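Numbered from 1 within each chain, the chains take letters A, B, ... in sequence-line order. Everything numeric in this text was worked out from a predicted model, so none of it was measured.
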Amino acid sequence: PSGSGLHVGHPEGYTATDIYSRYLRMLGYNVLHPMGWDAFGLPAEQYAIKHNVHPAVTTRQNIENFRRQIRMLGLSYDWDREIDTTDPSYYRWTQWIFLQIYNSYFDPIDNKARPISHLLHQLENENYVVAPDGSIHLNPQQEGMEALSGHVDPFRFWRELSPAEQRDVIDGMRLAYTDEAPVNWCPALGTVLANEEVIDGKSEVGGFPVERRPMRQWMLRITAYAERLLADLDLLQWPDSLKEMQRNWIGKSVGAEIDFEIADWKDAGRGDQDVITVFTTRPDTLYGATYLVLAPEHPLVERVTTDSQRPAVEAYQALTRNKSERDRLADARDKTGVFTGSYAVNPINDEKIPIWIADYVLMGYGTGAIMAVPAHDQRDFEFARKFNLPIRQVVRPVQESSGATRGEKSDSSGPLPAAFEGDGIAVNSEFINGLPTPQAKERITEALEAEGTGRKSVKYKLRDWLFSRQRYWGEPFPILLNAEGDHFPLPESELPLKLPEMDDFKPTGTPEPPLSKATEWLHVQRDGVIYTRETNTMPQWAGSCWYYLRFIDPKNPSRFVDPEKEKYWMPVDLYVGGVEHAVLHLLYARFWHKVLYDLGHVSTPEPFARLVNQGLILGEMEFHFFQKGDQLISAEEFSQIDEEATADEGVRLFGIHRKTGEKVFATRVDETLVEKRQDRYVLKAHPTIAVDARSFKMSKSRGNVVNPDSIVENYGADCFRLYEMYMGPLEAPKPWNTRDIVGMSRFLNSVWRNLVGEESDGADTGSGRSSRVRAAEIPEAIDRQLHRTIKKVGEDIQNLRFNTAIAELIKLNNELSGLETIPHTLASTFTLLLAPFAPHIAEEIWQRLGHSGSLARHP
RNA sequence: GGCCUCUUGGCGGAAUUGGCAGACGCGCUGGACUCAAAAUCCAGUGCCCGAAAGGGCGUAUCGGUUCGACUCCGAUAGAGGCCACCA
């Protein structure tokens with residue numbers, strides 16, 4: 001409820017599941033069809049700030065209006081199961097699940113989460129040991145563990161660690177942990193944001209600039225689940241495009257890590273030898289590596305920079321550090337970087353290559369360092385061209401393959417036009433010469449592994465989930481901090497930790513969260529020690545990560561869901577929702593569910609078995625013609641317009657003329673003044689003047705939003721439902737067209753006339769039904785069509801193809817219109833078929849046909 | 001730049017998945033009813049030629065596979081979505 005009410009897009013998905021639910025109930029199924037309010041978070045809070053009302057108030061008001069509209073539409077939700085994520089009896093369990101995550105770690109051997117207590121047990125029994133960097137390993141002294149000893153020597157046992165060290169080791173393993181790292185800070189929203197919430201360097205909510213700055217934040221270790229989140233997509237009946245989006249977001253890359261020693265290290269007297277480890281998906285191009293690049297923030301930059309290069313390097317670091325995310329993206333085309341003064345040694349042939357730093361290498365991905373192969377990577381290619389670094393071809397394109405034309409180049413003169421990034425045959429690469437790319441990758445990796453200078457490696461683009469917000473309107477973390485900043489979980493008995501009531505809830509504009517001003521709430525005394533509560537709150541996604549589970553058992557006071565009920569209902573059989581949640585809610589919920597599954601709290605590895613994305617309902621078709629200066633534009637000139645008006649000049653500016661550079665303005669024109677000539681629309685009065693016809697996303701600023709209230713007022717809820725379902729396939733984006741609604745209105749009127757009678761204005765015939773409806777045999781021809789309709793409507797509902805189901809009902813009704821006598825059984829069956837789509841009128845007709853009770857559960 | 005999806009009458013969309021293209025609805029044209037309108041009913045409506053019978057063309061464009069292509073393959077053009085310096 002982040003807005004004041006429904007727009008016509010909401011009821012589309014709601015009606016779809018309602019029809020499906022009503023259909024299943026009539027088949028005798030037990031259907032759980034719930035509705036609730038995901039009301040914490042940025043969108044709801046922004047709404048409250050804008051209206052200068054406390055979010056608790058706006059949320060309550062908005063929910064009431066939403067509930068009214070939903071009831072108006074006749075959506076058969078089970079209101080006994082209504083939930084509200086901002087209700088303490090709900091978020092108590094959100095906090096409880098957070099504690100489950102906090103008290104767990106990911107066991108890479110079993111590839112699943114386990115309780116921290118299990119880890120402690122293993123450490124105390126010395127099955128595990130601690131390496132110098134704090135990482136935990138199998139005890140190499142135990143049977144069969146020798147292979148790991150090289151990596152953990154010199155290790156220590158748990159009992160050898162100080163309490164502070166022990167704490168650091170454990171905290172470093174938790175699935176919920178705090179980290180000081182560069183994060184997406186949005187000054188306008190006064191909070192940090194997850195990667196998933198930042199689009200083109202701007203916040204998804206509000207579109208405000210986002211900058212990188214290091215801050216201590218709560219993170220959830222979703223990356224531990226990358227492989228399972230990827231693999232288990234195969235279990236799901238989801239749209240392929242959506243699965244593909246999740247796959248791309250997880251971004252698995254298979255390649256190799258390769259260690260480059262730093263040249264002349266010992267001679268320079270700079271301490272122990274160190275290596276720069278790079279990640280590459282193309283180990284086969286190792287012979288083509290002509291330089292090496294570190295991310296500007298890479299920890300080794302300091303150590304490899306020579307004195308003479310130090311000023312330039314530090315200046316560059318400062319420059320990139322201060323660059324906003326937006327600027328960095330804007331500058332992406334132009335490569336920048338600085339030479340460190342040092343060289344690295346290629347492990348395959350001992351060649352010395354220069355080490356650079358550049359911001360096109362990201363610290364957050366892979367190892368934060370790359371080997372640059374300019375002949376076969378476009379980014380490296382651009383960089384090499386700019387800084388005159390050598391380009392050495394090591395892959396020859398396979399000839400005659402039509403796809404490999406881009407950037408091909410053999411040996412001859414002249415600069416290469418572009419890098420060749422495709423697969424081919426290895427050349428200039430000694431022992432792998434002549435091998436096709438896949439085999440060349442394997443041979444090189446094997447050779448590096450034998451030397452100990454490289455190894456197979458898998459990397460993911462997915463980052464850990466930044467889980468804290470500097471905002472008021474969210475679930476408080478059930479966490480206490482001591483003076484040292486160590487964190488301690490609240491005991492379950494103290495849940496829910498309620499959000500304190502504050503008049504001044506607005507973001508501070510600094511990283512200091514509003515809750516830090518809740519002085520009474522803030523401090524807690526325990527055993528003589530003063531603790532401070534965590535003042536960050538959880539993001540808006542927290543509550544929705546598990547609401548489907550609470551719907552199963554919404555009022556349970558002692559558990560988040562009863563295990564027996566959970567087994568009965570899960571997984572969710574059908575989830576209809578928008579595609580906008582592809583890499584947000586739908587990924588987060590799968591992650592939480594898997595943690596709960598690993599800990600034995602739920603019975604299925606995945607929460608949502610079948611998922612359908614309803615398509616966006618666009619605004620009504622708009623027709624515009626154009627002016628350049630004060631002249632109308634011809635069809636020829638129209639084709640010269642470079643798309644996209646700049647938003648700041650308002651919707652009237654349509655675009656920029658490609659040739660003249662002049663601004664072109666659009667004027668909206670009525671459809672009746674437009675006609676189609678061949679492939680283009682023109683003004684009827686001036687056929688040389690082009691008209692642009694298309695529909696836009698509904699938005700307040702464009703003024704093309706349709707309010708369901710007015711449609712229901714004019715046509716009724718059943719008609720509204722029918723129209724939305726009849727517009728086209730559920731999954732397809734479709735333009736709204738108010739004019740077309742009348743078709744559904746005529747259909748329902750005709751049904752009423754056929755079955756009830758001609759009397760209008762609610763006047764009743766007394767018998768309540770049309771005199772044409774009589775006890776009679778159904779003629780064979782119409783009986784055939786009736787059964788065709790039964791079959792078609794049933795199948796179409798199961799496949800969520802409501803548009804064709806309704807078409808079939810219209811056809812049958814058109815037949816009824818032609819009958820002198822409408823057999824009573826035919827009328828009754830038709831009414832039952834219509835009921836899931838138009839429940840109100842169907843109930844009314846059902847009673848007038850003389851049936852007792854509701855048809856809602858009639859077979 | 002990469003990945004994905006889409007393109008069928010004036011409009012929204014059908015087509016049992018390779019077998020009568022345009023179901024159904026809107027709009028439009030003509031007619032009935034009406035003093036008139038609304039509502040309703042009847043007939044027509046892909047484009048072109050034709051009074052009609054009939055004929056020709058037709059699913060973005062070009063090419064291919066097939067007895068047969070809206071459907072499968074390749075290329076091109078256009079629209080939309082997602083990701084984006086991820087090595």
Novice: With a 4.0 Å heavy-atom cut-off, tell me which residues in residues 612-623 of chain A come close to RNA chain B, sorted by residue number.
Specialist: none
Novice: When we call it a touch if two heavy atoms are under 4.0 Å apart, what does A:R788 touch: a base, just sugar-phosphate, or nothing?
Specialist: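 Touches nothing.
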Novice: Just how far, in rounded Å, is P of B:C83 from NE2 of A:H581?
Specialist: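 Nearest whole value for this atom pair: 13 Å.
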Novice: Applying salt bridge (Lys or Arg N to Asp or Glu O under 4.0 Å), can you list everything that pairs with A:D234, at least two apart in sequence or on another chain?
Specialist: A:R247
Novice: In whole Å, measure the gap between the P atoms of B:G58 and B:G9 for me.
Specialist: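 It comes out at 14 Å once rounded to the nearest Å.
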Novice: Looking at B:C11, which nucleotide sits across from it as a Watson-Crick or G-U wobble partner, both distances under 3.5 angstrom, or is there none?
Specialist: B:G25
Novice: With nearest nucleotide decided by heavy atoms, which residue, A:A732 or A:K697, maps closer to the 5′ end of RNA chain B?
Specialist: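 Comparing both residues, the 5'-ward one is A:A732.
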Novice: If pairing requires Watson-Crick or G-U wobble contacts with both distances under 3.5 Å, which nucleotide is the partner of B:C47?
Specialist: B:G56
Novice: A:E382 CD to B:A84 C1': how many Å, rounded?
Specialist: 14 Å
Novice: Between B:A23 and B:G18, how many Å separate the two P atoms, rounded to a whole number?
Specialist: 22 Å
Novice: B:A87, B:C26, B:G13: which one has an atom nearest the side-chain heavy atoms of A:V742?
Specialist: B:C26
Novice: Which nucleotide, if any, forms a Watson-Crick or G-U wobble pair with B:U16, using both distances under 3.5 Å?
Specialist: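 Its partner is none (no Watson-Crick or G-U wobble pair with both distances under 3.5 Å).
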Novice: Taking atom CG of A:N184 and atom OG of A:S203, what is their separation to the nearest 0.5 Å?
Specialist: 10.5 Å
Novice: Check this for me: A:R455, atom CZ, are more than 12 non-hydrogen atoms of other residues, nucleotides or ligands nearer than 6.0 Å?
Specialist: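 For A:R455, atom CZ is crowded (more than 12 foreign heavy atoms under 6.0 Å).
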Novice: Using the P atom on both, measure B:G46 against B:G22 and round to a whole Å.
Specialist: 9 Å
Novice: Quick one: does A:T223's side chain get under 4.5 Å of A:Y460's, heavy atoms only?
Specialist: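 The answer is no, as the side chains (C-beta and beyond) never meet within the 4.5 Å cut-off.
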Novice: State which residues pass side-chain hydrogen bond (donor to acceptor under 3.5 Å, both in side chains) with A:Q237; sequence neighbours excluded, sorted by chain then number.
Specialist: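 In terms of side-chain hydrogen bond (donor to acceptor under 3.5 Å, both in side chains), with neighbours along the sequence ignored, A:Q237 is linked to no residue.
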Novice: I'd like the C1' distance from B:G56 over to B:A43, given in whole Å.
Specialist: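 Between the two C1' atoms, the distance is 26 Å.
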Novice: Taking only residues two or more places apart in sequence or in another chain, which ones pass side chain to side chain contact (heavy atoms under 4.5 Å, CB included) with A:S750?
Specialist: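 Only A:R753, A:N754, A:N813, A:S817 meet the side chain to side chain contact (heavy atoms under 4.5 Å, CB included) criterion with A:S750.
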Novice: At their closest point, which heavy atom of A:I617 faces which heavy atom of A:G9, and how far apart are they?
Specialist: CD1-CA, 4.4 Å
Novice: Going by the glycosidic torsion and a 90 degree boundary from 0, is the base of B:U16 oriented syn or anti?
Specialist: anti
Novice: Just checking A:S750: base, sugar-phosphate only, or nothing, at a heavy-atom cut-off of under 4.0 Å?
Specialist: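 Nothing: the residue A:S750, judged by heavy atoms under 4.0 Å, touches no strand.
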Novice: Calculate the interatomic distance between A:F696 atom CZ and B:A79 atom C1'; express it in whole Å.
Specialist: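 After rounding, the gap between these two atoms is 13 Å.
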Novice: Does B:U40 pair with anything, Watson-Crick or G-U wobble, both distances under 3.5 Å, and if so, with which nucleotide?
Specialist: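 Looking at the geometry, B:U40 pairs with B:A32.
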Novice: In terms of base orientation, is B:G9 syn or anti, with the syn window spanning 90° either side of 0?
Specialist: syn
Novice: For the P atoms, the ones on B:U61 and on B:G78, what distance do you get once it is rounded to whole angstrom?
Specialist: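 15 Å, rounded to whole Å.
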Novice: Sequence neighbours left out, what passes ring pair (Phe, Tyr, Trp, His ring centres under 6.0 Å) with A:F383? Give chain and number order.
Specialist: A:Y291, A:W356, A:Y360, A:F387
Novice: OP1 or OP2 of B:C26 sitting under 4.0 Å from any side-chain N/O of A:R746?
Specialist: yes
Novice: Separation of A:Y715 atom OH from B:C26 atom C1', in whole Å?
Specialist: 12 Å
Novice: What nucleotide, of B:C26, B:A87, B:G13, holds the atom closest to the side chain of A:P735?
Specialist: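 Looking only at side-chain atoms, A:P735 lies closest to B:G13.
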Novice: Holding to ring pair (Phe, Tyr, Trp, His ring centres under 6.0 Å), I want the full list of residues that pass it with A:H298, two or more places apart in sequence or in another chain.
Specialist: none
Novice: Starting at atom CD of A:E421, determine the distance to atom C1' of B:A84, rounded to an integer number of angstrom.
Specialist: 14 Å
Novice: Picking from B:C82, B:C85, B:A87, which would you name as closest to the side chain of A:D377?
Specialist: B:A87
Novice: State which of B:C83, B:A14, B:C26 makes the closest approach to the side chain of A:P729.
Specialist: B:A14
Novice: Check every atom of B:C82, B:A87, B:C11 against the side chain of A:I370 and return the nucleotide holding the closest atom.
Specialist: B:A87
Novice: Counting only Watson-Crick pairs (N1-N3 plus N6-O4 or O6-N4) and G-U wobbles (N1-O2, O6-N3), all under 3.5 Å, who is the partner of B:G74?
Specialist: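 For B:G74, the partner nucleotide comes out as B:C62, under the 3.5 Å rule.
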Novice: Taking a pair as Watson-Crick or G-U wobble with both distances under 3.5 Å, which nucleotide is matched to B:A84?
Specialist: none
Novice: Are any protein N/O atoms closer than 3.5 Å to N/O atoms in nucleotides 22-24 of chain B? If there are, list each pair with its distance.
Specialist:
unit_1 : atom_1 : unit_2 : atom_2 : d
B:A23  : O2'    : A:K811 : NZ     : 2.9
B:C24  : O2'    : A:Y726 : OH     : 2.7
B:C24  : O2     : A:Y726 : OH     : 2.3

Novice: Let me know the distance between CG of A:N248 and P of B:C83, rounded to the nearest Å.
Specialist: 10 Å
Novice: Can you check the A:N754 CG to B:C41 C1' distance for me, whole Å?
Specialist: 13 Å
Novice: Got a sec, which residues hit side-chain hydrogen bond (donor to acceptor under 3.5 Å, both in side chains) with A:Q246, two or more places apart in sequence or on another chain?
Specialist: A:R590
Novice: Tell me: OH of A:Y723 to C1' of B:G12, nearest whole Å?
Specialist: 7 Å
Novice: Using the P atoms only, state how far B:A38 lies from B:A32, rounded to an integer number of Å.
Specialist: 15 Å
Novice: Does any donor-acceptor pair link the side chain of A:K335 with the base of B:C85 at a separation under 3.5 Å?
Specialist: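 Indeed, a donor on one side and an acceptor on the other fall under 3.5 Å apart.
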Novice: When you check the gap from the basic side-chain N to the acidic O, do A:R739 and A:E620 get nearer than 4.0 Å?
Specialist: no
Novice: If a pair satisfies salt bridge (charged side-chain N to carboxylate O under 4.0 Å, His left out) and one of its residues is in residues 721-738 of chain A, list it, with sequence neighbours excluded.
Specialist: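 Of all non-adjacent pairs touching residues 721-738 of chain A, those that pass salt bridge (charged side-chain N to carboxylate O under 4.0 Å, His left out) are A:E12-A:K734, A:D18-A:R721.
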Novice: Under 4.0 angstrom, heavy atoms only, what part of the nucleic acid is A:Y681 near: base, sugar-phosphate, or nothing?
Specialist: sugar-phosphate
Novice: Which atom pairs link the protein and nucleotides 16-18 of chain B when you take only N or O atoms and keep those under 3.5 Å?
Specialist:
none

Novice: Check for me whether A:K459 meets the cation-pi criterion with A:F279, that is, NZ or CZ under 6.0 Å from the six-membered ring centre and within 45 degrees of the ring axis.
Specialist: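 Judged by the rule (NZ or CZ under 6.0 Å from the ring centre, within 45° of its axis), A:K459 counts as positioned above A:F279.
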Novice: Both A:S817 and A:R282 contact RNA chain B. Taking the nearest nucleotide for each, which residue is further toward the 5' end?
Specialist: A:S817
Novice: Applying side-chain hydrogen bond (donor to acceptor under 3.5 Å, both in side chains), name anything that partners A:K791, two or more places apart in sequence or on another chain.
Specialist: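 Applying side-chain hydrogen bond (donor to acceptor under 3.5 Å, both in side chains) to A:K791 gives A:E795.
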Novice: What distance, rounded to whole Å, do you find between the two C1' atoms, one in B:C70 and one in B:U7?
Specialist: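 11 Å, rounded to whole Å.
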Novice: Identify, with sequence neighbours excluded, every residue that meets ring pair (Phe, Tyr, Trp, His ring centres under 6.0 Å) alongside A:Y225.
Specialist: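 For A:Y225 the ring pair (Phe, Tyr, Trp, His ring centres under 6.0 Å) partners, ignoring immediate neighbours, are A:F106, A:F591.
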Novice: What does B:A79 pair with, Watson-Crick or G-U, if both distances are under 3.5 Å?
Specialist: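 With both distances under 3.5 Å, B:A79 matches B:U5.
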Novice: Say we look at B:C57 and B:A21: how far apart would their C1' atoms be, to the nearest angstrom?
Specialist: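 Looking at atom C1' only, B:C57 and B:A21 are 14 Å apart.
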